[in-house]
Number of protein chains: 2
Amino acid sequence: MIPVYLLQELVTFADKRTLAATADTLHVTQPSITRGMQKLETLLDVQLFERQPNKIWLTKTGEYAAQQAKQLLDLQADLQVKVKNFDHQQRQLMIGMTIPGPRKLLQSYSSWLNAEIDSQLLDNKNVVSTLKDHVDSVVFTNFKVLDPAVTAVFIGHENLSVNIDQFTFQANQKTITFQELRGRTFIVYSDIGPWRDLIQREIPDAKFMYQSSDALSELIAHSHYPYFTTNLPTRINGLKEAPRNRVRIPISDSQASMSIYANYLKTTQLPANLIATLKRDWPQN
Amino acid sequence: MIPVYLLQELVTFADKRTLAATADTLHVTQPSITRGMQKLETLLDVQLFERQPNKIWLTKTGEYAAQQAKQLLDLQADLQVKVKNFDHQQRQLMIGMTIPGPRKLLQSYSSWLNAEIDSQLLDNKNVVSTLKDHVDSVVFTNFKVLDPAVTAVFIGHENLSVNIDQFTFQANQKTITFQELRGRTFIVYSDIGPWRDLIQREIPDAKFMYQSSDALSELIAHSHYPYFTTNLPTRINGLKEAPRNRVRIPISDSQASMSIYANYLKTTQLPANLIATLKRDWPQN
DNA sequence: GCCAATTACGAGCTGCGTAAAAATG
DNA sequence: CATTTTTACGCAGCTCGTAATTGGC
């Protein structure tokens, strides 16, 4: 069995290329490294180094061993944080999301769930690793995570509406399309995940004024720019319903409706009624 | 940094479920394990165990940590053999194959290549790991290995012929089909890899007498049963050409021709002219 | 003569075993 | 009373640092 510290020394040497520098970065003395590398060679029963009296360098095998050792050390480090994360999850439900919609709804449960919701949105490509490394127990996404180790259950739809000045000629429509919104300027909350790409792509010639949460409610109250909401409770500070000077009109394009999924590892046990409760409380429009 | 022996102890405990048994299997004393597990807990800064005065068991986190540790230890063990293999490959070209055809041809090179050819055929599903673990430097297959880390180069075709009694009514055909061979009994060398499945599947109602190399040449010489050869030099002991009492007839079905590939890691440097030499010397039919 | 690797030697740490204690059933 | 875990204590081995040695540019 090979002690880790020898692998550590090998990896560092492969980087630093001299025993002196290796000793330096590991905060030990040269002789220590000399002996360590000698020992590693006898343990692996392989020649890792070429030597000349005051010179030493890795053989091909040595390079290979160092590269393999590095992988192992990285996994070691991973193990430590994964175990820590796992332990944390045992006491507190960690919730992530790639889309802001479910946040408010989940916050209303967070006390009886003893849950903590990530303040930042996750990137799509990090969802699986976030679950597998036990950073989050469950991640809400607008797509079905396809991985043999995770369960993805459909929760409900999130449907986009635009809140438009009541005196606009479109204000009495029952629904509206992205095309019909062309050329307008919108106030948009900055951290809206995939919605951002969507509206930029689908609404031609539109301008978007991205705002933080605080500035947003101010702007909405004191301007006539249209802004977006969905059937899910908004995050905007102190803004519950569409103010009186706006009319909320659902957007009829199919892309304006996203399917929201809850994704969690097959091996993790979520609070039994979480999914059911979410589905029950899910706002219909 | 976590010493390996502590992970080893944890993994063993997760299996044995008692410190006494763990100590036993690791050939140390109980107190040693007690201290080890205490130390591991402080190093990971996580509660791995529940304790009662004379009882101890893993928490959920402990179970998880043990499972992760096991993976790590397995990789440790892998590292050792991979480095050994890699080192061996530096001096000797290791050659594997899933199909016997290329063997004789390669054996004729083996002295100037300083090569060693696996005596056993590889299983298809082990080809990639055989390469990645540096057991073999190059593997010959009858299919193109599709893996981002390996190069697969086409070498040539191996074409099946049947050697048939010269007095059979079919003996003067230029070619023959599997269908036309239906119902016959064949002498077949036992270790022919994918050819075995092929002939069993394609020749209806046929019987196959599988023989080792020694018995084979005897049987061929003293019987009139048909047997198979290909354009590649045969392995059969002391049998160079079709004996006079048989006629060699190529099989015209498309499945009777296999494409042979040489597969090797993108990171490994094969002897420069090996591939070229093989292609040059490859028998045409 | 300076720099890097190696060897020699002594010291301190650490993991181990023995012995003993505590608790459970 | 047997079994299991834990604590106490002393020893042995191992890794480290200091100091000295060797060889190269």
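First the proteins, then the strands, lettered A, B, ... as listed; each starts at 1.
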In this structure, how many angstroms lie between the [atom2] atom of [N] and the [atom1] atom of [X], rounded?
X: B/D24; N: D/dT3; atom1: CG; atom2: P; answer: 13 Å
X: A/R17; N: C/dA5; atom1: CZ; atom2: C1'; answer: 17 Å
X: A/E50; N: D/dG24; atom1: CD; atom2: C1'; answer: 17 Å
X: A/R35; N: C/dT7; atom1: CZ; atom2: C1'; answer: 9 Å
X: B/L19; N: D/dT7; atom1: CG; atom2: C1'; answer: 14 Å
X: B/Q8; N: C/dC16; atom1: CD; atom2: C1'; answer: 17 Å
X: B/E41; N: D/dT5; atom1: CD; atom2: P; answer: 14 Å
X: A/L48; N: C/dA5; atom1: CG; atom2: C1'; answer: 17 Å

Picking from [options], which would you name as closest to the side chain of [X]?
X: B/N54; options: D/dC16, C/dA23, C/dT7; result: C/dA23
X: A/K55; options: D/dC25, C/dC16, C/dT7; result: D/dC25
X: B/P53; options: D/dA8, D/dT5, C/dT24; result: C/dT24
X: A/S32; options: D/dG17, C/dA4, D/dT6; result: D/dG17
X: A/I56; options: D/dT18, C/dA5, C/dT24; result: C/dA5
X: B/Y5; options: C/dT7, C/dG15, D/dT7; result: C/dG15
X: A/R51; options: D/dG23, C/dC16, C/dT6; result: C/dT6
X: A/Q30; options: C/dA5, D/dT3, D/dA8; result: C/dA5
X: B/V28; options: C/dG17, D/dT6, C/dT14; result: C/dG17

Option among A/D281, A/T277, A/N114, A/N273 that satisfies the side-chain hydrogen bond (donor to acceptor under 3.5 Å, both in side chains) test with A/Y109: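 Between A/Y109 and the candidates, side-chain hydrogen bond (donor to acceptor under 3.5 Å, both in side chains) is satisfied uniquely by A/D281.
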Look at [X] and [N] and indicate whether a side-chain polar atom (N or O) is within less than 4.0 Å of OP1 or OP2.
X: B/T18; N: D/dT3; answer: no
X: A/T34; N: C/dT6; answer: yes
X: A/Q52; N: C/dT6; answer: no

Report task. Taking all non-hydrogen atoms of both residues into account, name the closest pair between B/Q89 and B/H134 and its distance. Result ->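 Heavy-atom minimum between the residues: NE2-O, 3.0 Å.
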**Report entry** Heavy-atom closest pair, residues B/L48 and B/A65
**Finding:**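 Answer, listing the atom of B/L48 first, then B/A65: CD2-CB, 3.8 Å.
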(Q) One thing to verify: whether B/K70 and B/D15 come together as a salt bridge, which I'm taking to mean a side-chain N less than 4.0 angstrom from a carboxylate O. (A)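 Salt bridge between B/D15 and B/K70, a charged N being under 4.0 Å from a carboxylate O: no.
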Result block: side-chain N/O donor-acceptor pairs under 3.5 angstrom for residues 27-35 of chain B, not counting sequence neighbours:
residue : atom : partner : partner atom : Å
B/T34   : OG1  : B/Q30   : O            : 3.4

Identify, between B/A21 and A/H27, the residue whose nearest nucleotide on DNA chain D lies closer to the 5' end.
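Its nucleotide being nearer the 5' end, the pick is B/A21.
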task: Would you sort out whether B/T151 and B/N263 count as a side chain to side chain contact (heavy atoms under 4.5 Å, CB included), showing the intermediate values?
output: CA-CA 6 Å; B/T151 305; B/N263 307 279; over 6 Å; no
